[in-house]
Amino acid sequence: MNALTYRIALERKTHHYRVTLTFVAQQAGLVSLRLPAWVPGSYARRDLAGHVSRLTLSQKRNPIDVQKVDINAFSAAVDEGSVTLSYRVYAFDPSVRLAYLDLDRAFFNPTSLLIAPEGAEALPVKIELEGVSSESVATTLPFDGEAFIARNLYAAYDSPFEIGARQKLEFTASGVPHRTVFTGDTSFLDDATMRRIAEDFRAIAEATIAFFDPETRKAPFENYLCTVFLAKGMHGGLEHASGTALVADPEDVVIGTPEYGDFLELFAHEYFHAWWVKRVRPSVFVSPNLTRESPTRLLWVFEGFTVYYAIRMMIASKRKAASSFATSLTELAQRTLTQSARRFESLEAASLEAWIKYYRVDGDRLNAVTDYYAYGALIAFALDAEIREKSEGKASLDDVLRFAYATWRTDPRCYGGIPEAEFANLFKEALGMDFSNEIEDYTRRCVLPDFAKLSGVFGMRFEELPARCDTAGFGAKWKYRDGKVVVRAVSEETCAAFAGLAEGDVLVSVNDQKPVVSEPRNERELEKALDTYFLSFEGKRLTIVVTRFGRGLTLETEGPFYGMRPN
Ligand SMILES: [Zn+2]
């Protein structure tokens with residue numbers, strides 16, 4: 001085998017990518033063909049082969065039997081010489097993780113499309129797109145006149161393709177070309193908005209490059225591509241070594257709204273990842289095993305720190321006022337300190353369990369799943385404050401991250417990533433100080449940092465939540481489906497839990513009133529509206545009528561109503 005050549009045809013009306021792979025078998029024997037079980041950056045099994053159908057294999061135009069041998073694997077006995085594998089992949093996932101295809105838009109992560117022979121991971125990959133002009137393709141892979149070329153399979157997996165974008169913007173940050181392309185509902189993207197987004201992205205990019213490399217201000221990539229799919233109710237991103245894929249609500253790009261601030265912070269988060277998880281990373285992600293889950297206890301480090309530093313980069317780039325630091329931390333504290341899960345599930349456990357919990361558990365989420373993003377960010381803040389205090393302002397968590405990146409930069413190929421059990425050593429090496437007790441306490445033993453003391457390090461004052469208000473609002477998370485208000489999750493020891501609400505319950509009435517909630521833009525808006533609504537019943541007995549699995553149920557609450565007042 002000297003290269004893996006994929007020819008991809010777009011069957012837009014049926015949402016199928018039709019893929020033909022040719023490769024050379026060096027000798028006769030069994031060849032095993034696989035798609036990944038998960039997508040790097042998103043830590044849950046996706047079992048991408050579930051979208052594959054009509055798979056055939058041939059040599060010299062003679063069909064060869066292919067057996068399915070595992071969830072994501074096929075096997076065939078081949079002769080020496082050229083082999084052709086054909087299959088199609090169903091693509092109608094609007095998220096950043098899989099693939100999408102219709103008349104308007106074509107997007108794919110190669111993890112969804114490139115079935116590869118085992119043992120061929122180091123071969124160069126060629127991707128040809130049938131009937132698609134190369135100018136309409138946005139990807140970080142170079143085009144050689146016929147095909148897009150990746151140096152190996154993993155590099156191809158890490159380079160999503162967006163075809164036929166409606167709007168594009170370009171800018172240079174620290175000498176590196178950056179491109180952003182938009183698909184979907186671009187109705188809010190007028191010229192002034194496009195210029196403003198370019199200006200804001202550039203400021204964030206330059207602040208991040210300067211953060212990791214204050215001396216030479218050199219980015220670790222030669223160019224950077226951000227793809228943005230705008231569609232109602234969407235929000236999310238996935239990091240890549242030289243780019244990111246984002247999804248956002250069309251109104252998130254309306255300049256001056258709080259949502260626009262969130263959109264910029266999403267970009268800042270994914271951009272930071274180009275250093276922090278794509279380069280400096282847990283050792284298990286250096287050559288990740290994509291055939292099965294790859295658990296690491298360090299996800300809180302790579303996601304939590306990234307949440308914390310996205311806020312810092314927003315401030316450093318002057319996209320947010322310095323005073324918003326306290327507001328952002330308050331939001332994180334309200335979101336996580338009010339959830340009982342963090343008292344029982346450590347950040348390390350939450351990281352390891354991400355594969356079975358973070359993307360999976362919904363109804364019991366607030367009680368059983370510690371949010372390693374938001375709570376990890378608060379712990380990043382706590383460690384940052386501890387370092388500043390102990391070093392009398394001479395060092396900070398920034399030095400730890402810069403040290404880790406400088407270590408990676410000395411020899412990226414040999415750098416073995418951060419070993420699972422040795423995260424605290426990084427602090428010792430970077431700072432010459434020992435923080436292993438703090439790290440052990442905060443991340444393994446569920447000890448809450450002394451936020452009152454640590455906030456003082458940053459000149460802030462931390463206020464405890466009132467005693468009886470350790471749960472936010474009514475105690476339920478909601479979603480809006482087909483005009484109905486539906487319970488998504490219930491927090492224990494709250495009004496919602498005392499009533500006996502469960503995930504999936506459809507709200508019919510409260511004390512004989514039908515709750516009036518006009519169609520919310522997003523879940524945050526819905527939560528806020530319902531928190532306000534339930535607060536109007538404070539101190540009263542509540543009779544809540546719901547339907548559960550289609551059957552009517554009347555629920556009563558015994559306990560007194562309490563909650564945290566929304567702003
Ligand atoms: Zn992230």
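Owing to the predicted nature of the structure, the values given are computational and were not obtained by experimental measurement. First listed ligand is number 1; within each ligand, the first listed atom is number 1.
- Ring pair His15/Phe92 is tilted by interplanar angle, where 30° to 60° counts as tilted.
- Using a 4.0 Å cut-off between a side-chain N of Lys or Arg and a carboxylate O of Asp or Glu, Glu162 and Arg105 qualify as a salt bridge.
- Judged as a side-chain hydrogen bond (donor to acceptor under 3.5 Å, both in side chains), the pairs with a partner in residues 349-358 (not counting sequence neighbours) are, in order, Glu345-Lys357, Glu353-Lys357.
- Every residue meeting the side chain to side chain donor-acceptor pair (under 3.5 Å) condition with Thr193, not counting sequence neighbours, appears here in chain and number order: Asp190.
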Under 3.5 Å, sequence neighbours excluded: what are the donor-acceptor pairs made by side chains of residues 228-248?
unit_1	atom_1	unit_2	atom_2	d
His240	ND1	Asp158	O	3.3
His240	ND1	Asp158	OD1	3.0
Thr244	OG1	Leu238	O	2.9

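- Within the protein, the N, O or S atoms sitting under 2.8 Å from the Zn ion (ligand 1) are His269 NE2, His273 NE2, Glu303 OE1.
- Look at Arg388 and Asp384 and you find a salt bridge, because one of the NZ, NE, NH1 or NH2 atoms lies within 4.0 Å of a carboxylate O, short of that distance.
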